[in-house]
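Structure first, commentary second.
We use all heavy atoms of the structure for the numbers below, so side chains are in, but hydrogens, waters and symmetry mates are not. Just so you know, residue 1 is the first one in the sequence shown, and it goes up from there.
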Amino acid sequence: MGLELELELESLVVVPFLIMFFIIYLFGYFILFRNWSPKIRPESASCLISLFHGTPAAILGSAAIIADQNRGFVAANTGFQKLVLDYSTAYFLMDLIHYLVFFRGDVLFIAHHLATLFVIVTCRHTVSHGAFSVIVLLVLAEVTSACQNAWTLAAARRSEDRFAAKVFDALSLPFYALYSVVRGFVGPYYMYRMIVFYAGGGADGLVPRWVWVSWVVVVVMAIGVSIMWISNLWLELYRKRTRKLDEKIR
């Protein structure tokens, strides 16, 4: 009875975080971005909660990993690591609600959020092991968050605001470069190490095969989509700069 009550109380930790992200979203939508075009206000409010999640999650996640002396792909989840997972669960739930309300047709992002929540929730509540694996991936995913959200906000306003257009142009190259290194090289390398460990039986008896296989499938697909997305942005940037160069020559 005591253990069941403890587990129930632990599962409720996500609620205060969810309320926090909801309040931040409302603040962005109704106050901070109230004078922005109705078409971009929902996306801007989503960027705001992403800003409050991404960098803090990367910092807290790194701290939770460093603080665990028994860290490893199959180590038991610590209390600190569970808190980080709860924090991220609340964010992805809030952003999922945002997409279901404003962008129901954006199947890719909805599927991404559902898959991410599956990974986090199974790690947090189903197996209680492997938070090290999941949080490292979370840190890698969110280390570019601040730059990406600033870039996204600038992109949304660049046609209406000259300063936003300048910020967009200034951020594009460094953001693309950082994102490419993290998602194109560091992430895949870490994923390779993770697959080798789990496929070699390192988690047998602690993390069921169906769980780690599903984690691998979700993350590999996410990395693949990220690489395609940034590749398209690089091509767009190349075409834009080539076009400007041609105009100067003429």
Counting C-beta onward and ignoring hydrogens, is there a side-chain heavy-atom pair between [X] and [Y] closer than 4.5 Å?
X: Ile23; Y: Met20; value: no
X: Met94; Y: Thr89; value: no
X: Phe103; Y: Ile110; value: no
X: Leu18; Y: Phe22; value: no
X: Val186; Y: Tyr189; value: no
X: Glu43; Y: Thr152; value: yes
X: Tyr25; Y: Pro42; value: yes
X: Val127; Y: Leu206; value: no

Nearest heavy-atom neighbours spanning [X] and [Y]:
X: Ala57; Y: Val84; result: O-CG1, 4.5 Å
X: Arg41; Y: Phe30; result: NH2-CA, 4.0 Å
X: Gly28; Y: Leu48; result: CA-CD2, 3.6 Å
X: Ala146; Y: Thr55; result: CB-OG1, 3.6 Å
X: Ser133; Y: Tyr190; result: CA-OH, 3.1 Å
X: Ala154; Y: Val167; result: CB-CG1, 3.9 Å

What about [X] and [Y], same hydrophobic cluster or not, with Ile/Leu/Val/Met/Phe/Trp/Tyr joined at side-chain heavy-atom distances under 4.5 Å?
X: Val220; Y: Leu117; value: yes
X: Trp212; Y: Met191; value: yes
X: Ile65; Y: Phe80; value: yes
X: Ile40; Y: Phe109; value: yes
X: Met221; Y: Phe118; value: yes

Would a distance-only check, ignoring hydrogens and angles, find a side-chain to backbone donor-acceptor pair under 3.5 Å from [X] to [Y]?
X: Glu142; Y: Val139; result: no
X: Ser88; Y: Leu85; result: no
X: Arg158; Y: Phe168; result: no
X: Asn77; Y: Ala131; result: yes
X: Arg104; Y: Leu100; result: yes
X: Asp68; Y: Ala64; result: no
X: Arg71; Y: Phe132; result: no
X: Arg124; Y: Val121; result: no
X: Ser214; Y: Trp210; result: yes
X: Asp95; Y: Tyr91; result: no

From [X] [atom1] over to [Y] [atom2], what is the distance, rounded to the nearest 0.5 angstrom?
X: Phe27; Y: Arg34; atom1: CZ; atom2: CZ; value: 9.0 Å
X: Asp106; Y: His98; atom1: CG; atom2: NE2; value: 8.5 Å
X: Lys166; Y: Asp161; atom1: NZ; atom2: CG; value: 10.0 Å
X: Ile230; Y: Leu237; atom1: CD1; atom2: CG; value: 9.5 Å
X: Leu51; Y: Cys147; atom1: CG; atom2: SG; value: 10.5 Å
X: Ile135; Y: Ser62; atom1: CD1; atom2: OG; value: 9.5 Å

Heavy atoms from other residues, nucleotides or ligands near OH of Tyr176 exceed 12 (cutoff 6.0 Å)
yes
Is the distance between the ring centroids of His129 and Phe73 under 6.0 Å?
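No.
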May I ask you to check whether Tyr87 and Phe21 place their ring centres under 6.0 Å from each other?
yes
Carefully, step by step, assess Arg193 and Val196 under the rule side-chain contact (heavy atoms from CB on, under 4.5 Å).
CA-CA 5 Å; Arg193 294 286 302 274; Val196 169; 5.9 Å; no
Chi angles and distances behind the ring-ring contact (aromatic ring centres under 6.0 Å, His included) call for Tyr179, Trp229:
CA-CA 10 Å; Tyr179 192 95; Trp229 181 71; 5.3 Å; yes
Ion pair present between Asp169 and Arg241, side-chain N to carboxylate O less than 4.0 angstrom?
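Answer for the salt bridge query: no.
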Is any NZ, NE, NH1 or NH2 atom of the basic residue among Glu160 and Arg157 found under 4.0 Å from an Asp or Glu carboxylate oxygen of the other?
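Yes, charged N to carboxylate O under 4.0 Å.
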Measure up the His53 and Phe92 rings against each other and bin them: parallel (under 30°), tilted (30 to 60°), perpendicular (over 60°).
perpendicular
Indicate whether any N or O donor in one side chain lies under 3.5 Å from an N or O acceptor in the other, for Ser44 and Tyr29.
no
